[in-house]
Amino acid sequence: MKVNGKPTRTIWIHSECPEIVQIIDQRWLPHQYIVEDIGTVESMAIAIRDMHVRGAGLIGAAAGYGMYLAALEAKAATDFDSHLDSCYALLESTRPTAVNLAWALDRQLQAISKGREADEKIRIAMNTACAIADEDADFCRRIGQHGLSIIREISTAKNGDTVNILTHCNAGWLAFVDYGSATAPIYAAHDAGIMVHVYVDETRPRNQGAALTAWELGQHGVPHTLIVDNAGGHLMQHGMIDLVITGTDRTTVTGDVANKIGTYLKALAAKDNTIPFYVALPSSTFDWKMKNGLSEIPIEQRNPEEITHVEGLCDGKIKSVRISPTGSPAANYAFDVTPARLVTGLITERGICRADRESILQLFPEGRHKT
Ligand SMILES: CSC[C@H]1O[C@H](OP(=O)(O)O)[C@H](O)[C@@H]1O
């Protein structure tokens, strides 16, 4: 996508120093667009854990590049493979819910193991990291094309009137390498001249919607309105929402969807108001082994201070201000699970399917031997 008219992605290898990976440090958006140099596995792990980069697809790509940095470091280590294994463990420990993290790490480990000596392993690691990133961008572009058909159908039914879409958190290009998952159909519809407007959930406590989705949509000229998380049901009751599209961090082979906390409540409200609720995802986000999302998907619990404090930019620095009594504990669940029965359909790079095992495996038959 573009920032101030200039094409960019969320992560890439430095054009002049190939041992440096560069990322957009999303903690500073929407106020400042800061590119951060990542030269070690440890700093990549910090970037993922502390959400300099976030979002399932981008977490996977960051892990892929992290293993490239690990291979560079391993050349100087006494034992190449054991250094790689310790880097794998460090990166894997950063965030538990997005399945893309483990998927990318395993893909890298398997690819690197085919190298005979250090330099070949490093080349393989770099090529695999770039392939993961390029594939993520291409899958999201294709999700956009498939999701466009859903928006076009609603637009036609409304005789070309504006299609009002609600999205939760940021499943935009900032959560992937490019295009995004939930936003890809929105960008595709906007670019095709279809009238769309997006209601953006602010998404407490990290405000990915307010800080990131609103910024992304504004950069692309997509009309949008920021709302508090709890307003979505009200808008649905009053016929102001035609479609809900969210992303997901892990979707089971049976169609249960883990996504940012609050997604389940949006799905309940959509069901109650007969509004289509779609989840957009690249196939790297399927968990082929899990069948019951509610009992199996690990739900990340983050620092309670993300709830008890709000952060903002003040005099060029990120400042944190307490908003609750010091004596009041907070519980910070970062994700929830929406059962498949509340999901109208899944928008993937291969097309749209129902949120059930047979439909998913029909679109992805290779998943059968993984379940
Ligand atoms: C589908 S990737 C975007 C996904 O990731 C977000 O979580 P976080 O910002 O904590 O990484 C949220 O669940 C989005 O839907």
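Each ligand, and each atom within it, is numbered from 1 in the order the structure gives.
- Taking every non-hydrogen atom of F335 and a distance limit under 4.0 Å, the qualifying atoms of ligand 1 come out as 7 (O), 10 (O), 13 (O).
- Nearest protein neighbour of atom 12 (C) of ligand 1, counting heavy atoms only, is C169 SG, 3.3 Å.
- Taking the six-membered ring for Trp and the full ring otherwise, Y199 and H224 have centroids separated by 6.0 Å or more.
- With hydrogens left out, the protein atom closest to atom 1 (C) of ligand 1 is T248 O, 3.0 Å, a heavy atom.
- Close contacts between ligand 1 and G55 involve ligand atoms 2 (S), 3 (C), 5 (O), 11 (O) [criterion: under 4.0 Å to a heavy atom].
- Between S181 and ligand 1, not a single N/O pair is under 3.5 Å apart.
- Close contacts between ligand 1 and M51 involve ligand atoms 9 (O), 10 (O) [criterion: under 4.0 Å to a heavy atom].
- No more than 12 heavy atoms of other residues, nucleotides or ligands lie within 6.0 Å of CD in Q110, so this atom counts as exposed by the packing criterion.
- A56 N, 2.9 Å is the protein heavy atom nearest to atom 2 (S) of ligand 1.
- Cation-pi geometry between K75 and F80 is not met at under 6.0 angstrom from the ring centre and within 45 degrees of the axis.
- The line from CG of D356 to CD of Q362 is 9.0 Å long, rounded to the nearest 0.5 Å.
- Atoms CH2 and NE2, from W215 and H220 in turn, are 12.5 Å apart once rounded to the nearest 0.5 Å.
- Other residues, nucleotides and ligands contribute at most 12 non-hydrogen atoms within 6.0 Å of the CZ atom of R354.
- Within the model, atoms OG1 of T128 and CZ of R123 stand 12.0 Å from one another, a figure rounded to the nearest 0.5 Å.
- Near A175, meaning under 4.0 Å from any of its heavy atoms, are these atoms of ligand 1: 2 (S), 3 (C).
- Atom numbering of ligand 1 starts at 1 in the shown order; those under 4.0 Å from a heavy atom of Q208 are 8 (P), 9 (O), 10 (O).
- Between the side chains of E36 and H52, at least one donor N or O lies within less than 3.5 Å of an accepting N or O.
- To the nearest 0.5 Å, atom CD1 of residue I241 and atom NZ of residue K266 are 9.5 Å apart.
- The contact set between ligand 1 and F176, taken as ligand atoms under 4.0 Å from a residue heavy atom, comprises 1 (C), 2 (S).
- Between Y187 and Y179, the distance separating the two ring centers is not shorter than 6.0 angstrom.
- Taking a cut-off of under 4.0 Å to the non-hydrogen atoms of R95, the atoms of ligand 1 that pass are 8 (P), 10 (O), 11 (O).
- Backbone and side-chain nitrogen or oxygen atoms of N259 are examined, and one is located within less than 3.5 angstrom of a nitrogen or oxygen of ligand 1.
- Using a 4.0 angstrom heavy-atom cutoff, E300 does not count as in contact with ligand 1.
- Using a 4.0 Å cutoff on heavy atoms, H168 does not count as a contact of ligand 1.
- Scanning all protein heavy atoms for the shortest distance to atom 5 (O) of ligand 1 gives D249 OD2, 3.1 Å.
- Counting protein heavy atoms only, atom 3 (C) of ligand 1 is closest to N170 O, 3.2 Å.
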